[in-house]
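Take a look at the structure set out below.
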Protein chains: 4
Amino acid sequence: MTPQPARRNEQSRRAILTAALELLTEAGYSAVTIEAIAARAGVGKQTIYRWWRGKGAVILDALADNVPEVLALPDTGDLRADLRQVLRATVAEFADPRLSATTRAITIETLADDELADQVRDRLLRPQLNAVRTRLEVAREAGQVRPDAPLDQVVELLFGPLYHRWLLRNGPLTDDYADGIVDLTLAAITPPCTCLGI
Amino acid sequence: MTPQPARRNEQSRRAILTAALELLTEAGYSAVTIEAIAARAGVGKQTIYRWWRGKGAVILDALADNVPEVLALPDTGDLRADLRQVLRATVAEFADPRLSATTRAITIETLADDELADQVRDRLLRPQLNAVRTRLEVAREAGQVRPDAPLDQVVELLFGPLYHRWLLRNGPLTDDYADGIVDLTLAAITPPCTCLGI
Amino acid sequence: MTPQPARRNEQSRRAILTAALELLTEAGYSAVTIEAIAARAGVGKQTIYRWWRGKGAVILDALADNVPEVLALPDTGDLRADLRQVLRATVAEFADPRLSATTRAITIETLADDELADQVRDRLLRPQLNAVRTRLEVAREAGQVRPDAPLDQVVELLFGPLYHRWLLRNGPLTDDYADGIVDLTLAAITPPCTCLGI
Amino acid sequence: MTPQPARRNEQSRRAILTAALELLTEAGYSAVTIEAIAARAGVGKQTIYRWWRGKGAVILDALADNVPEVLALPDTGDLRADLRQVLRATVAEFADPRLSATTRAITIETLADDELADQVRDRLLRPQLNAVRTRLEVAREAGQVRPDAPLDQVVELLFGPLYHRWLLRNGPLTDDYADGIVDLTLAAITPPCTCLGI
DNA sequence: ACGTAAGCGAGACGGTACGTCCTGTCTTCAC
DNA sequence: GTGAAGACAGGACGTACCGTCTCGCTTACGT
């Protein structure tokens with residue numbers, strides 16, 4: 001009844017994930033149907049339904065599989081430079097139609113399926129955010145960040161605006177914008193003025 | 001050929017928008033189909049297609065119609081208190097299943113339709129953001145905000161994290177969280193330390 | 001909810017019935033699927049399901065529509081000759097691959113669906129049998145048939161063996177066979193020997 | 001490659017045939033699928049395909065295996081009584097839902113598979129018909145039947161109408177009907193009136 | 001006696017068809 | 001002459017079986 005992972009055909013699995021990504025980047029979200037994925041992958045629909053809950057789960061796996069990106073942040077000692085680099089990379093990702101299409105797709109699926117949303121958070125989002133958080137912890141210990149700064153919120157202070165602007169198109173999403181967000185955020189968490197040793 | 005707005009049946013229009021909202025809050029996004037809306041509104045499908053581009057446009061109109069909320073921000077003189085109130089209201093909105101459902105729905109539609117996205121930005125998002133921006137301008141003139149603060153980015157610094165957390169479920173979305181974001185943002189834009197009159 | 005026959009598209013109806021018959025005669029029973037019928041007829045599957053209960057009902061209609069054959073039997077005055085002609089025609093029908101295919105198909109459907117079986121009996125079978133029965137009644141009044149002959153059973157005595165042999169392939173189905181059945185049947189219902197006027 | 005009958009698992013064979021019959025009588029023809037048979041028999045699907053050509057072959061074997069009925073006809077000396085008994089038994093078989101279901105099923109399979117049809121004729125039908133034919137031959141030698149009667153056709157004259165009526169539901173299938181058919185048939189083959197020694 | 005080749009239960013696989021649902025267009029009828 | 005009602009072509013959904021194909025496991029030969 002329940003499928004046995006041991007017997008799973010790795011070749012089919014890869015073909016399915018690849019087909020999903022290709023459809024997404026070549027023909028857009030609306031072209032990503034289970035039937036199209038199955039046809040392009042040369043696979044029976046049942047093979048998809050046997051291993052995934054639906055379209056969203058396939059897309060998630062495709063992303064998690066094909067995008068096991070760099071999770072370690074640069075640490076040049078210059079926090080501002082490091083954060084700018086990360087946020088500029090994120091801007092570039094949003095600007096790339098291919099990468100953007102996958103993000104758009106997984107976001108749609110996320111919005112319509114709570115269970116999927118949890119998995120996206122844990123498998124795609126958290127690792128990225130944690131990498132930034134770790135860099136901030138290092139900076140805090142180096143005295144570059146106020147010791148009482150709520151780092152989780154700070155991380156979202158960095159990414160939230162980018163995501164917001166991408167999603168809602170409230171203005172251009174440029175490197176300058178990313179730099180501006182970094183500057184604002186750093187202004188918020190830089191140790192208070194200590195002139196006169198007060 | 002082209003519909004003449006003058007002849008439009010206001011009763012049908014209201015029934016359609018109401019039906020869309022009810023379906024959304026009662027049965028969830030997946031239950032919102034043109035057929036269901038038409039059936040519940042006691043309307044022919046053609047009447048919907050005649051006046052709207054599709055499901056997304058109907059939902060947008062439904063929101064813009066039924067949620068002509070307060071756009072004027074409070075101005076108690078206390079910027080921190082005012083912003084906290086606004087962000088707490090936003091948190092409350094995200095927490096309310098009904099309001100949240102509509103936001104979720106319009107976000108999905110937005111992601112799949114660029115033209116709709118522009119309208120959502122102009123008709124729903126911008127007014128809200130501009131209200132906050134206006135309040136910040138007042139504060140800047142009152143010297144409570146650094147004169148060089150990029151207010152558009154500051155607004156997004158406030159709402160971005162909330163939206164991000166709601167969308168991606170990266171932690172609880174509480175009043176405390178909203179307060180924390182306000183505090184961080186204010187720390188970023190408060191005039192620099194001027195001890196000793198420097 | 002329930003479809004309104006008044007709005008039915010006659011063109012689609014004919015296309016569907018034609019497609020079903022063509023598939024049946026060209027590619028055989030196993031090729032007759034709802035999908036294939038819809039595709040060949042250039043019709044949505046729903047249009048088939050809206051008006052028919054399933055494949056069997058379509059085939060029945062196709063037959064009843066395209067085969068409104070001669071229901072009047074010849075009456076040359078020679079009962080034996082008339083019956084031979086009818087049974088030979090039946091044999092020819094069974095021998096024709098095209099007609100045979102449709103009969104085979106409707107028989108399969110009949111066996112799997114009681115409701116359909118009733119309709120086949122009433123719309124296809126009964127008229128044919130009644131025509132023969134009517135001829136027998138004429139003969140009976142003419143004194144060519146024993147007055148106490150159970151005509152319904154006699155009719156089945158004529159067709160039953162043909163059907164039986166066709167279905168179960170118990171020997172060749174030829175004109176001679178048909179003639180033999182007619183002769184046997186007539187032997188059974190010819191008025192008793194009245195030599196000597198007894 | 002070709003399976004070796006010597007190694008065949010008799011236990012599985014019986015389980016498969018039993019499962020097929022049970023499904024047929026308990027859940028109807030549409031429930032008889034290779035998958036269901038395999039599942040109920042606790043057997044792999046391949047074990048079925050290794051030994052049978054398909055569903056029809058399994059059903060045929062199940063019938064031939066579990067219904068090796070009496071093939072010898074009674075011979076009380078009274079031909080009419082003997083034939084009535086046989087035809088009444090046939091009527092009873094058609095009336096029994098369980099037996100009827102199997103007959104229905106094998107008939108469907110027969111109609112869609114010529115090779116199977118031949119086997120059904122040889123293994124199920126012929127023995128039964130031949131038994132009746134043998135009885136008729138005895139009667140012919142005893143002078144109870146015209147010497148020129150075509151016995152094969154006579155046998156079909158007996159069974160054809162029953163089969164016809166069962167299949168096409170053209171009226172009730174009762175003992176009276178069976179008796180009527182026997183009477184008609186006997187009327188057809190009884191030696192001609194020989195009054196006056198003509 | 002022991003390896004090896006078969007049959008076996010199990011079930012994943014590429015497919016086909018099912019019957020349902022929805023889309024966006026087109027048609028009809030009643031007001 | 002508009003608009004409700006809904007039929008239409010099309011196409012994706014998720015399910016059920018098909019017949020084939022591996023898997024390990026057991027079982028019975030043949031050396």
Side-chain angles (χ1 to χ4, degrees), chain A residues 1-9 11-13 15 30-39 41-51 53-55, chain B residues 3-4 7-9 11-12 15 30 32-36 38-39 41-51 53-55, chain C residues 1-9 11-13 15 30-39 41-51 53-55, chain D residues 1-9 11-12 15 30-39 41-51 53-55:
Chain A
M1 192 107 286
T2 316
Q4 302 173 220
R7 299 213 183 243
R8 183 163 187 181
N9 184 334
Q11 206 170 336
S12 295
R13 187 185 141 271
S30 68
V32 183
T33 65
I34 295 287
E35 299 219 320
I37 295 173
V43 142
K45 284 201 291 178
Q46 199 61 55
T47 301
I48 299 180
Y49 285 112
R50 189 177 295 120
W51 302 110
R53 289 200 323 114
K55 193 168 53 174
Chain B
Q4 301 172 226
R7 300 221 177 205
R8 186 164 186 182
N9 183 333
Q11 205 171 336
S12 295
S30 67
V32 182
T33 65
I34 296 286
E35 300 221 319
V43 140
K45 287 201 293 177
Q46 198 57 46
T47 302
I48 298 181
Y49 285 112
R50 193 172 0 255
W51 302 109
R53 288 198 327 114
K55 192 167 54 173
Chain C
M1 194 105 288
T2 315
Q4 300 173 220
R7 305 220 171 195
R8 184 164 187 179
N9 184 334
Q11 205 169 338
S12 295
R13 187 184 142 273
S30 67
V32 183
T33 64
I34 296 287
E35 299 220 319
I37 295 172
V43 141
K45 285 201 290 177
Q46 199 62 53
T47 301
I48 299 181
Y49 285 111
R50 188 177 296 120
W51 301 111
R53 289 199 326 113
K55 192 168 54 174
Chain D
M1 193 107 287
T2 316
Q4 300 174 223
R7 296 216 175 195
R8 184 163 185 181
N9 185 334
Q11 205 170 337
S12 294
S30 67
V32 183
T33 66
I34 296 287
E35 299 221 320
I37 294 173
V43 140
K45 285 201 294 179
Q46 197 59 48
T47 301
I48 298 180
Y49 285 111
R50 188 177 296 119
W51 302 109
R53 288 200 324 116
K55 191 168 56 175

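Just so it is clear: chains get the letters A, B, ... in the order the sequence lines come, proteins before strands, and each one is counted from 1.
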- Looking only at side-chain N and O atoms, does S12(B) come under 4.0 Å of OP1 or OP2 in dA4(F)? yes
- Query: W51(C) side chain N/O closer than 4.0 Å to the phosphate oxygens (OP1, OP2) of dG6(F)?
  - Reply: no
- Verify the contact: side-chain N or O of T33(B) to OP1 or OP2 of dC21(E), cut-off strictly under 4.0 Å; return yes or no. no
- Report the distance from atom CD1 of I37(D) to atom P of dC17(F), rounded to the nearest whole Å. 12 Å
- Rounded interatomic separation in angstrom, taking CD from Q11(D) and P from dT26(F): 16 Å
- Query: Given atom CD1 of I48(B) and atom P of dA5(F), what is their separation to the nearest angstrom?
  - Reply: 12 Å
- Message: On DNA chain F, compare the nucleotides closest to A41(C) and I34(A); which residue's is nearer the 5' end?
- Response: A41(C)
- Position toward the 5' end of DNA chain E (nearest nucleotide), A38(D) or E35(B): A38(D)
- Nearest heavy-atom contact between S12(D) and T47(D) is CB-CG2, 4.4 Å
- Item | All stems with DNA chain E, defined as three or more consecutive Watson-Crick or G-U pairs under 3.5 Å | E:1-31 with F:1-31
- Can you find a donor-acceptor N/O pair under 3.5 angstrom joining the side chain of Q46(B) to the base of dC26(E)? yes
- Item | OP1 or OP2 of dG14(E) under 4.0 Å from side-chain N/O of T47(A) | yes
- Item | Considering all heavy atoms, the nearest K55(D)-I34(D) contact | N-CD1, 3.9 Å
- Message: Tell me if the side-chain of R8(C) makes a donor-acceptor pair with the base of dA7(F), cut-off 3.5 Å, by modelled atom types.
- Response: no
- Applying salt bridge (charged side-chain N to carboxylate O under 4.0 Å, His left out), name anything that partners R53(A), two or more places apart in sequence or on another chain. D113(A), E115(A)
- Nearest of dC8(F), dA5(F), dA10(E) to any side-chain atom of Q4(A)? dA10(E)
- Task: Quickly work out the N9(D) CG to dT27(F) P distance and round it to whole Å.
- Result: 10 Å
- Item | Sugar-phosphate, base or nothing in reach of G42(D), heavy atoms under 4.0 Å | sugar-phosphate
- Message: I need the CZ-C1' distance between R50(B) and dA5(F), as an integer number of Å.
- Response: 12 Å
- Note on the structure: In terms of heavy-atom contacts, P5(A) and P3(A) come closest through CD-O, 3.3 Å
- Item | Considering all heavy atoms, the nearest G44(C)-A38(C) contact | C-CB, 4.3 Å
- Closest non-hydrogen atoms of A31(C) and A36(C), given as atom of the first, atom of the second and distance, are O-CB, 3.6 Å
- Item | Nearest-angstrom distance from the residue atom OH of Y49(D) to P of dA6(E) | 23 Å
- Please figure out whether R7(C) or A36(D) has its closest DNA chain F nucleotide nearer the 5' end. R7(C)
- Message: I'd like to know if K45(C) reaches the base of dG19(E) with its side chain, counting only an N/O donor and acceptor under 3.5 Å.
- Response: yes
- Note on the structure: Closest non-hydrogen contact found for W51(C) with Q4(C) is CH2-O, 3.5 Å
